[in-house]
Amino acid sequence: MNKSLMRLAKEALSQKMLEVIAQEFAFSAQASNFKIEFPPDPTMGHLAFACFPLARNLRKAPPQIAKQLASRLLPDAIFARIEAVGPYVNFFFRPDWLAKGLLEAAKQDSFGASEEGKGKRILLEYSSPNTNKPLHLGHGRNNLLGITLARLFVEQGYEVIKANLINDRGIHICKSMLAYQKWGQEQTPEQAGKKGDQLVGDYYVLYDKKLKADPSLEEEARKLLQAWEEGNPQTLALWKKLNQWVYEGFRSTYQRMGVEFDRYYYESETYQGGRKLILEALEKGICQREDNGAVSIDLETDHLGKKILLRGDGTSMYITQDINTTYLKFKDYSPLDACLFVVGNEQDNHFKVLFKVLEHFGFAWANRLEHISYGMITLPEGKMKSREGTVVDLDDLMEEMKNLALLEIDKRGNFNQAPTEIKEATAEAIGQGAIKFFILRSGAAKEIQFNPKESLSFEGQTGPYLQYTHARLSSLLTKAEAKDRQRAQSFTQATSKERIEVQLLLQLAHYADILQLAAKERNPAVLTGWTYELCKLYNKFYYDLPILKAEQEVKLFRLSLTLAVRSVLAKSLRILGIQPLEKM
RNA sequence: GCGCUUGUAGCUCAGCUGGAUAGAGCAGUGGACUUCGAAUCCAAAGGUCGCAGGUUCGAAUCCUGCCAGGCGCACCA
């Protein structure tokens with residue numbers, strides 16, 4: 001599948017318009033002289049030719065141009081109706097043409113895929129947690145953004161490397177280590193009966209609590225960090241032990257969310273490496289030596305001020321380390337067409353600086369770096385604060401959502417006869433669907449306000465609504481006679497032309513462009529919005545028109561349409577990480 | 001103070017590379033289950049698109065200023 005049906009239609013239309021404009025106005029227009037758009041409402045038309053840009057060239061009023069052009073245009077194989085409305089010429093697709101072009105294709109798994117990224121490689125870093133506490137809702141947004149973008153890129157034909165840079169060293173983990181050392185009594189996660197990351201997180205909180213009574217702990221934590229840097233065996237052993245527990249905890253959270261990685265980078269292995277690159281730059285005169293021995297770079301001309309890259313004592317900083325990991329990514333995976341960092345917007349400035357520094361260092365790939373920034377998730381009370389216990393823990397949230405879903409399932413009783421594992425798995429899928437859709441439906445730049453009571457509903461614009469549509473439609477298909485279902489697979493005639501049916505076809509026709517746009521804009525919300533719209537259309541179709549009880553030829557068309565919608569819907573849901581359910 | 005970012009219906013959000021009457025969901029109101037799954041559908045209601053200028057045939061969309069929220073502005077990460 002190279003070109004989407006919609007693109008073919010646009011190209012055909014564009015060609016046609018060039019000819020007609022030449023005939024009617026003796027003006028040889030360029031395709032750039034006009035724009036083909038989508039009317040706000042499909043009842044007005046399916047494609048629109050706007051006459052504004054031509055008005056200048058032709059010195060005629062747009063409505064006049066539209067009228068003249070429309071009078072010249074005759075229906076053809078693609079368009080059934082063409083009419084001038086104000087300054088627009090509107091085109092209506094022939095439902096048969098849409099049906100023929102879509103009903104078969106949409107059932108293929110390759111539908112909507114593109115070769116845009118064929119032969120190209122993207123490295124996408126996301127998640128990148130600290131190892132001192134469990135993941136919270138903010139990480140959830142990061143993870144979901146990351147994994148969903150990865151799938152969108154794959155759909156565009158890119159080879160995607162999903163990388164996780166683990167912040168496994170530093171003062172934060174030393175705080176947990178210190179508290180554990182002092183008060184942990186060698187307790188293991190098994191003994192405590194909790195996940196490793198949760199256990200380690202408890203000690204991080206404990207450290208903070210104890211710190212209030214005993215400020216000298218801060219000094220002790222710093223000493224521990226020093227011991228770690230010096231390679232003290234006991235410290236290293238403790239560090240390894242706690243980190244291992246945390247990784248096991250993360251693994252289960254990741255798995256539950258459906259998040260995965262191809263490559264892990266560990267800060268403990270990379271944090272020193274940037275020094276060499278910076279010293280080289282210093283030799284080339286790109287960087288400057290400060291009075292106390294620190295190395296800085298002047299980004300004044302880039303309006304980013306002066307930045308220290310290496311401390312006076314020669315030790316690494318955050319940016320030192322990032323310079324190195326970025327360098328390593330290109331070393332490990334060259335050639336990369338893009339190298340993306342999914343990191344919260346509190347680091348917008350950091351990435352601006354980082355990218356600029358690498359540009360100054362002369363790396364040719366510096367212009368292929370991109371920060372995928374996203375807003376924080378806040379609570380009605382304000383910011384989440386781990387110290388005040390107002391953090392929404394991801395594991396807790398997922399569990400809570402699943403339990404809520406369980407209640408809803410019981411209320412309906414569809415699973416009363418089913419084994420509990422099936423019921424549980426369904427509840428889990430619904431809970432996940434609710435969380436994922438909720439987080440992915442708003443644009444990344446926006447802050448999300450998370451109100452536990454209201455945000456995670458199962459009705460309306462939600463993940464479960466999409467899953468319900470899929471289940472409902474699957475249920476319908478199982479009720480169709482096997483013989484009809486069989487025939488519907490390859491049935492491509494629009495034997496009925498109700499408005500809602502044409503709208504559904506039209507929605508399917510947009511799919512490929514939607515996927516492409518979502519990937520290009522790095523914005524999964526483009527897909528969530530489209531998918532919701534598809535479901536809305538289908539539910540209306542389902543409600544308004546009989547399917548199984550329709551007259552035979554109409555029934556086959558409607559079943560064929562249903563099969564097509566199910567296929568595309570299931571695929572969109574999978575890209576979003578939401579499980580399409582047969583029953584719920 | 002400087003930089004980035006957000007401000008659209010009571011609430012949560014689409015629309016923002018300028019175009020046809022600004023759209024959904026939730027909440028609230030009124031309807032639709034003897035009919036393919038009511039986690040659904042339909043209807044009415046709800047808006048000075050933060051404010052003020054400007055560019056344009058045309059601005060929620062672009063520019064400027066102001067107001068409000070968020071995030072940055074470390075030899076922290």
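In the text below, chain A, chain B and the rest are named by the order of the sequence lines, each starting its count at 1.
Residue-level contact check: A471(A) touches the bases, meaning some heavy atom is under 4.0 Å from a base atom. Residue D313(A) is out of contact with every strand shown, counting any heavy-atom pair closer than 4.0 Å. If you check every strand for non-hydrogen atoms under 4.0 Å, P87(A) touches nothing. Counting non-hydrogen atoms under 4.0 angstrom, I430(A) reaches a base of the nucleic acid. G443(A) comes within 4.0 angstrom of sugar-phosphate atoms only, judged by non-hydrogen atoms across all strands, and of no base. Residue contacts shown for N292(A) include a base, since a base heavy atom lies under 4.0 Å away. P62(A) comes within contact range of no nucleotide atom at all, as no heavy-atom separation falls under 4.0 Å. In this structure, K536(A) reaches the sugar-phosphate backbone alone: every heavy-atom distance under 4.0 Å involves primed, P, OP1 or OP2 atoms, never a base. Using a 4.0 Å heavy-atom cutoff across all strands shown, S457(A) reaches no nucleic acid atom at all. Across all strands, Q467(A) comes closer than 4.0 Å to no nucleic acid atom at all (heavy-atom distances). Among the protein residues, L545(A) comes within range of the nucleic acid bases, having at least one heavy atom under 4.0 Å from a base atom. Note on M376(A): only backbone sugar-phosphate atoms sit closer than 4.0 angstrom, heavy atoms only; bases stay farther off. Within the 4.0 angstrom heavy-atom criterion, base atoms lie near A294(A). Residue L581(A) is out of contact with every strand shown, counting any heavy-atom pair closer than 4.0 Å.
For E37(A), the CD atom counts as densely surrounded, since its 6.0 Å shell holds more than 12 non-hydrogen atoms of other residues, nucleotides or ligands. For K555(A), the NZ atom counts as densely surrounded, since its 6.0 Å shell holds more than 12 non-hydrogen atoms of other residues, nucleotides or ligands.
In this structure A68(B) sits in a base pair with U6(B), meeting the Watson-Crick or G-U test at under 3.5 Å. If you check G25(B) for Watson-Crick or wobble pairing at under 3.5 angstrom, you find it paired to C11(B). The nucleotide C33(B) finds no pairing partner, because no Watson-Crick or G-U wobble arrangement with both distances shorter than 3.5 Å includes it. Across all strands shown, A38(B) has no partner, as no Watson-Crick or G-U wobble contact with both distances under 3.5 Å is found. Within the shown strands, G1(B) is the pairing partner of C73(B) under the Watson-Crick or G-U definition, both distances less than 3.5 Å. Searching all strands for a Watson-Crick or G-U wobble partner of U17(B) with both distances below 3.5 Å returns nothing. The partner of C49(B) is absent, by the rule that a Watson-Crick or G-U pair needs both atom distances under 3.5 Å.
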Next item on the list: Mind running side-chain contact (heavy atoms from CB on, under 4.5 Å) on L145(A) and L440(A) for me, showing each step along the way?
Entry: CA-CA 7 Å; L145(A) 224 38; L440(A) 292 174; 4.2 Å; yes

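Straight-line distance from the CZ atom of F541(A) to the P atom of U40(B): 19 Å, rounded to whole Å. Between I448(A) atom CD1 and G70(B) atom C1' the separation is 14 Å, expressed in whole Å. As a whole-Å value, the separation of D302(A) CG from C2(B) P is 21 Å. If you measure from atom OH of Y532(A) to atom P of U40(B), you get 9 Å, rounded to the nearest angstrom. As a whole-Å value, the separation of D348(A) CG from C71(B) P is 13 Å. Put simply, CG on N539(A) is 20 Å from P on A32(B), counting in whole angstrom units.
Phosphate proximity of G70(B) to K446(A): absent, as no side-chain N or O sits under 4.0 Å from OP1 or OP2. Note on Y542(A): a side-chain N or O is less than 4.0 Å away from OP1 or OP2 of G37(B). Taking only side-chain nitrogens and oxygens, Y88(A) never comes nearer than 4.0 Å to OP1 or OP2 of G58(B).
The base of A39(B) does not come close enough to the side chain of R472(A) for any donor and acceptor atom to sit less than 3.5 Å apart. A donor and an acceptor atom sit less than 3.5 Å apart, one in the side chain of N90(A) and one in the base of A20(B).
Checking side-chain atoms of R412(A) against main-chain N and O of I409(A) turns up no donor-acceptor pair under 3.5 Å. Between the side chain of R141(A) and the backbone N or O of L137(A), no donor-acceptor pair lies under 3.5 Å. Under the 3.5 Å distance criterion, the side-chain polar atoms of S474(A) are matched with a main-chain donor or acceptor of H470(A). Of the possible polar contacts, none joining the Q489(A) side chain to the L563(A) backbone as a donor-acceptor pair under 3.5 Å is found.
In C62(B) the base sits anti relative to the sugar, since the glycosidic angle is further than 90° from 0.
Side chain of F458(A), nearest nucleotide from C36(B), A39(B), C41(B): A39(B). Of all nucleotides listed (A77(B), G19(B), C41(B)), A77(B) comes nearest to the side chain of Y318(A).
Stacking annotation: F52(A) is not stacked on the base of G58(B) (requires ring centroids less than 5.5 angstrom apart and an interplanar angle below 30 degrees).
Taking the six-membered ring where the residue is Trp, the centroids of F92(A) and H46(A) are separated by under 6.0 Å.
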